[in-house]
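From a predicted model like this one, the values you see are computed outputs, not experimental measurements. Side-chain atoms are counted along with the backbone in the values below, which use heavy atoms only and exclude waters and symmetry mates.
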Amino acid sequence: MIRRGYSPTNDVKKGCDMTTGNIEFDHLLRSNLERVFNERDEDKRRAAIAELFVDEPVMYEPTNIVRGRAEISRIAGDLLKQFGPTFRFVPDGAAVGHHGLGHLAWHAGPEHGPTTVTGADVAEVENGRISRLWVLLNTP
């Protein structure tokens, strides 16, 4: 039963924290796409990972669990080599998140070419850095 005068915003006023905790999810997850998964220069990619990820991050792919900054960098580099010099990830809209969990949809393929894969990144964020990242791929 909904009580008279009920409004979801009243619960927020009473202490139900629906804030982002000052995490800039869009900036963080877009930076991950651009500076990690689109970056072909290994040194730049490693520097970005050191800035964006906690010391011991974990990335969950559909068929693999990747542990550590160095392995995430290796996986990103291998992916770019596998799909060619113009392959890019492009964000679809803004990332959203709250309570330490963010989501960014994306598509990927050759620059100026057809989309070859779509998906989303879901990240657990601790102290403004990615601690766990789930890479979700849409079915073709």
Write down the atom of [X], the atom of [Y], and the distance for their closest heavy-atom approach.
{"X": "Leu29", "Y": "Gly102", "value": "CD1-C, 3.7 Å"}
{"X": "Glu56", "Y": "Gly68", "value": "OE1-CA, 4.5 Å"}
{"X": "Ala120", "Y": "His103", "value": "CB-NE2, 3.5 Å"}
{"X": "Arg46", "Y": "Ser73", "value": "CG-OG, 3.6 Å"}
{"X": "Gly100", "Y": "Ile23", "value": "CA-CD1, 4.1 Å"}
{"X": "Asp26", "Y": "Ala95", "value": "OD1-N, 2.7 Å"}

Say whether, by atom type as modelled, one donor and one acceptor occur between the side chain of [X] and the main chain of [Y] under 3.5 angstrom.
{"X": "Thr116", "Y": "Ala108", "answer": "yes"}
{"X": "Arg129", "Y": "Asp55", "answer": "no"}
{"X": "Ser131", "Y": "Glu124", "answer": "yes"}

If you round to the nearest 0.5 Å, how far is [atom2] of [Y] from [atom1] of [X]?
{"X": "Leu80", "Y": "Arg40", "atom1": "CG", "atom2": "CZ", "answer": "4.5 Å"}
{"X": "Asn138", "Y": "Thr115", "atom1": "CG", "atom2": "OG1", "answer": "11.5 Å"}
{"X": "Glu39", "Y": "Asn32", "atom1": "CD", "atom2": "CG", "answer": "12.5 Å"}
{"X": "Phe87", "Y": "Lys81", "atom1": "CZ", "atom2": "NZ", "answer": "15.5 Å"}

| query | Does Val122 sit in a hydrophobic cluster with other residues, and if so which ones, taking ILVMFWY side chains as linked at heavy-atom separations under 4.5 Å, directly or through other members? | reply | Val58, Tyr60, Ile65, Leu101, Trp134, Leu136

| note | Students should find that the hydrophobic cluster of Val90, defined by side-chain heavy atoms under 4.5 Å apart, otherwise consists of none

| Leu79 and Phe89: CA distance, side-chain angles, deciding distance, side chain to side chain contact (heavy atoms under 4.5 Å, CB included) verdict | CA-CA 11 Å; Leu79 186 69; Phe89 291 91; 3.5 Å; yes

Hey, are [X] and [Y] close enough for a salt bridge, meaning a charged N less than 4.0 Å from a carboxylate O?
{"X": "Glu51", "Y": "Arg35", "result": "yes"}
{"X": "Arg88", "Y": "Glu34", "result": "yes"}
{"X": "Arg45", "Y": "Asp41", "result": "no"}

| Candidate pair Ile72 and Phe37, rule side chain to side chain contact (heavy atoms under 4.5 Å, CB included), full reasoning | CA-CA 9 Å; Ile72 291 172; Phe37 287 90; 4.3 Å; yes

For residues [X] and [Y], determine if any side-chain heavy atom of one lies less than 4.5 Å from a side-chain heavy atom of the other.
{"X": "Ile130", "Y": "Val54", "result": "no"}
{"X": "Phe25", "Y": "Leu104", "result": "no"}
{"X": "Trp106", "Y": "Val117", "result": "yes"}
{"X": "Glu61", "Y": "Ile75", "result": "yes"}
{"X": "Arg69", "Y": "Pro57", "result": "yes"}

| said: If hydrophobic clusters are built by linking Ile, Leu, Val, Met, Phe, Trp and Tyr wherever their side-chain heavy atoms come under 4.5 Å apart, do Leu137 and Val66 end up in the same one? | reply: yes

| Just wondering, are more than 12 heavy atoms of other shown residues or ligands nearer than 6.0 Å to CZ in Arg67? | no

| query | Does Asn127 CG have over 12 foreign heavy atoms under 6.0 Å away? | reply | no

